[in-house]
Structures are given as structure tokens and as C-alpha cells.
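In what follows, a structure is listed as C-alpha cells, so that the remarks can point back to it.
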Amino acid sequence: MVAFCLAAVTVNAQETLNAYALTKPGVVVDYAFYAAAMSSKPSLLAYMRTTVKAIEKDGDNDVVVTNSKILNRKKKPSKNAAFSGFADGADASCTFTQGAYTIFNDPLFGLAGPIEEGGFFLKIPAELKVGDKLESGSIEQTTKAPMGPKVHNSISYDNFTVTAEEDVETAAGVFHCIRIDGKLNGSFQTVKLKDTSYTLWLSQNVGIVKVEADYYKESFVIDAVEGL
């Protein structure tokens, strides 16, 4: 999701927006991020805590404002995030038009922290059914780790299609989801991506429940929820 400036009026916190995304003010979701080296099993690397701060108005559109923080494996504030200037997390705004919205940041590969970024990941309609093909794009991104060199990433998202409805069991409970499968092409850091499998599970009013990529066996999955 991408942040931008706009004049807005906050809507009553009891109002909700029906969409395949987090849309209820006050909800707090912890996501666990797992990855592996080529020859090892996936291990927990970090958590991301996302809080829905408000639903605002921009003309006829709804704008959901969130804050996301990176936590360490003990769910404590990340020293690396603080060192990078994100101790308080990052606010973001996502615009919804009758429940449809665009995901600008890749949930898995966006964790590196963009310096410069262009393009988008997926456009998510308000209603989804098996067989629907989603409009997908590409992202150009430059990242820089503290004390490290800049790295340019270029990822194309291809053939993203709703393939099933599934119940997904997580540490936070069972969620009824739409499953979306697609392919990644391009490059991320020093790795070339060629028809790399990528799967998302989305649930109404929750949004991303789980993401998996056949790239270092990465996954991003709900671990805890408060306030739904």
C-alpha cells in the first residue's frame, strides 16, 4: 500500500467497508514472515503488526489509513527497524472505490523497504469468484539496507487468477478465503525470477490471510488478530 497526502474527513469508527482488505478501525493484525535459504527449512524471521487507524473520505471514495511496524521474533520492537528510522512504523493510505482497490506493495518483497518505487502489484475487485483473472502489474524498486549498497529490483506479476475458495487454518483461527495464483518474473536482489509460483489467500474484511512464494520458501501469514 502506498501513502499519499489528501484532505479527508474521518468517518464514524463503527462504520465498516466491505472489501477484501482490513477495513475496520481499531483492528490490529500480526503477520509472521518466514523464509529459508535454498537448502534449509523456512524459519521465522520477523513479524509485522498492522493497525487500522481510521476510515476517511476522499470525495466518493473511502480511504483506509493503517500503520505497520516491524517486530522481532519475540514480538518486540525491531532494533533494525529503529536503526532504519521506522521505530514508530509507517503510516499508509489505501483508496477504495465501492470496495475495489489496488495493492501497490508486494506483501513479501515489499518488506525490504523501498527508497524509490513505481508500478503496482494487483487490482482487487469488490467481488471475486473462481475463474476471475485479476489485473496485475509490475514494480520497479530500489532498496538500501543500513550500511549496505543500493539494490534495484524489477518484478512482473503475471497471470494472476482466482483458482479456488478454501478455508485457511492459521494461529489466529480459520478464515474462509479466495485463493489467487500467479507467476513472478524479473529479478529481486541477486536472484532471477522466472515463472516463480506465487499464491495469495484473501478473506472479506480481513484482506491478506496468507501469501506464499516459491522463492526461498517465503510465506507471510496471519498470526494474531484483535478487534475483528
Worksheet item: Between Thr170 and Val168, is a side chain to side chain contact (heavy atoms under 4.5 Å, CB included) present by the stated rule, with each step listed?
Response: CA-CA 6 Å; Thr170 74; Val168 177; 4.0 Å; yes
Worksheet item: With hydrophobic residues grouped by side-chain heavy-atom distances under 4.5 Å, do Ile139 and Ile208 end up in a single group?
Response: yes
Fill in: Spacing of Cys94 atom SG and Asp62 atom CG [to the nearest 0.5 Å]
11.0 Å
Worksheet entry | Heavy-atom donor-acceptor pair, Ser136 side chain to Tyr157 backbone, under 3.5 Å | yes
Discussion item. Quick one, His152 with Gln141, criterion side chain to side chain donor-acceptor pair (under 3.5 Å). Give me CA distance, side-chain angles, the key distance, then yes/no.
Written reply: CA-CA 6 Å; His152 185 72; Gln141 179 191 65; over 6 Å; no
Worksheet entry | Same apolar cluster: Val28 and Val65, side chain cutoff 4.5 Å | no
Worksheet entry | Any side-chain heavy-atom pair of Phe188 and Ser154 under 4.5 Å | no
Worksheet entry | Close side-chain approach of Thr161 and Leu134, heavy atoms under 4.5 Å | no
Fill in: Main-chain N/O of Ala100 paired to Thr97 side chain as donor or acceptor, under 3.5 Å
no
Item to complete: For Lys210 and Phe220, indicate whether the former's side chain and the latter's backbone hold a donor-acceptor pair under 3.5 Å.
Response: no
Discussion item. Side chain to side chain donor-acceptor pair (under 3.5 Å) for Asp181 and Thr163? Distances and angles first, verdict last.
Written reply: CA-CA 7 Å; Asp181 286 281; Thr163 55; 2.6 Å; yes
Fill in: From Gln204 atom CD to Leu128 atom CG, the distance as rounded to the nearest 0.5 Å
8.0 Å
Worksheet item: Is a donor on one side and an acceptor on the other found under 3.5 Å between the side chain of Ser187 and the backbone of Lys192?
Response: no
Practice prompt. Flag the pair Ile180 / Leu202 as yes when at least one side-chain heavy-atom distance between them is below 4.5 Å, and no otherwise.
Written response: yes
Worksheet entry | Criterion side chain to side chain contact (heavy atoms under 4.5 Å, CB included) on Glu212 and Trp201, from CA distance to verdict | CA-CA 9 Å; Glu212 288 185 347; Trp201 289 264; 3.8 Å; yes
Fill in: Glu127 bridged to Lys129 by N-O distance under 4.0 Å
no
Practice prompt. Of all the heavy-atom pairs spanning Ser156 and Ser138, show the shortest one and how long it is.
Written response: CA-CB, 3.9 Å
Fill in: Verdict with reasoning, Thr66 to Thr50, per side chain to side chain donor-acceptor pair (under 3.5 Å)
CA-CA 7 Å; Thr66 59; Thr50 297; over 6 Å; no
Item to complete: Check whether more than 12 heavy atoms from other residues, nucleotides or ligands sit under 6.0 Å from atom NZ of Lys75, and answer yes or no.
Response: yes
Worksheet entry | Any Lys24 side-chain heavy atom under 4.5 Å of Val52 side chain | no
Worksheet, complete the sentence: Rounded to the nearest 0.5 Å, the OG1 atom of Thr196 sits from the CD atom of Glu218 at a distance of 10.5 Å
Practice prompt. Could you tell me whether a side-chain N or O of Asp58 sits under 3.5 Å from a main-chain N or O of Asn61, the two making a donor and an acceptor?
Written response: no
Worksheet item: Which distance, rounded to the nearest 0.5 Å, do you find between the CD1 of Ile155 and the CD of Glu140?
Response: 9.5 Å
Practice prompt. Give the C-alpha distance, both sets of side-chain angles, the deciding distance and a yes or no for side chain to side chain contact (heavy atoms under 4.5 Å, CB included) between Asp106 and Val211.
Written response: CA-CA 10 Å; Asp106 184 317; Val211 185; 5.7 Å; no
Fill in: Any donor-acceptor N or O pair under 3.5 Å, side chains Asn205, Tyr20
no
Practice prompt. May I ask you to test the Glu165-Arg179 pair for a side-chain heavy-atom distance under 4.5 Å?
Written response: no
Discussion item. Can you confirm if the aromatic rings of Phe96 and Tyr101 lie within a centre distance of less than 6.0 Å?
Written reply: yes
Fill in: Closest non-hydrogen atom pair, Gly99 against Ala19
O-CB, 3.4 Å
Fill in: Minimum-distance pair of heavy atoms, taken over all atoms of Cys177 and Val209
SG-CG2, 3.7 Å
Worksheet entry | CG/Asp167: more than 12 non-hydrogen atoms of other groups inside 6.0 Å | yes
Worksheet item: Can you check whether Ile222 reaches Phe175 side chain to side chain, under 4.5 Å on heavy atoms?
Response: yes
Worksheet entry | Full working for ring pair (Phe, Tyr, Trp, His ring centres under 6.0 Å) between Tyr47 and Tyr31 | CA-CA 5 Å; Tyr47 290 94; Tyr31 294 93; over 10 Å; no
Item to complete: Look at atom CD of Glu166 and say whether more than 12 heavy atoms of other residues, nucleotides or ligands are closer to it than 6.0 Å.
Response: yes
Discussion item. To the closest 0.5 Å, what do you measure between NZ (Lys53) and CG (Asn67)?
Written reply: 5.5 Å
Practice prompt. Decide whether Val221 and Val206 are clustered together by the hydrophobic rule: side chain heavy atoms of Ile, Leu, Val, Met, Phe, Trp, Tyr closer than 4.5 Å, transitively.
Written response: no
Practice prompt. Answer yes if Tyr198 and Leu193 sit in the same cluster of Ile, Leu, Val, Met, Phe, Trp and Tyr residues linked by side chain heavy atoms under 4.5 Å apart, and no otherwise.
Written response: yes
Worksheet item: Cluster question for you: counting only ILVMFWY and a side-chain heavy-atom cut-off of under 4.5 Å, with indirect links fine, are Leu228 and Val64 together?
Response: yes
Discussion item. Using a strict threshold of under 4.0 Å (side-chain N to carboxylate O), is an ion pair present between Asp195 and Lys183?
Written reply: no
Worksheet entry | Gap separating the CG atom of Asn185 from the CG atom of Asp158, nearest 0.5 angstrom | 5.0 Å
Worksheet item: What pair of heavy atoms forms the shortest contact from Val27 to Gly227, and how long is it?
Response: CG2-O, 3.5 Å
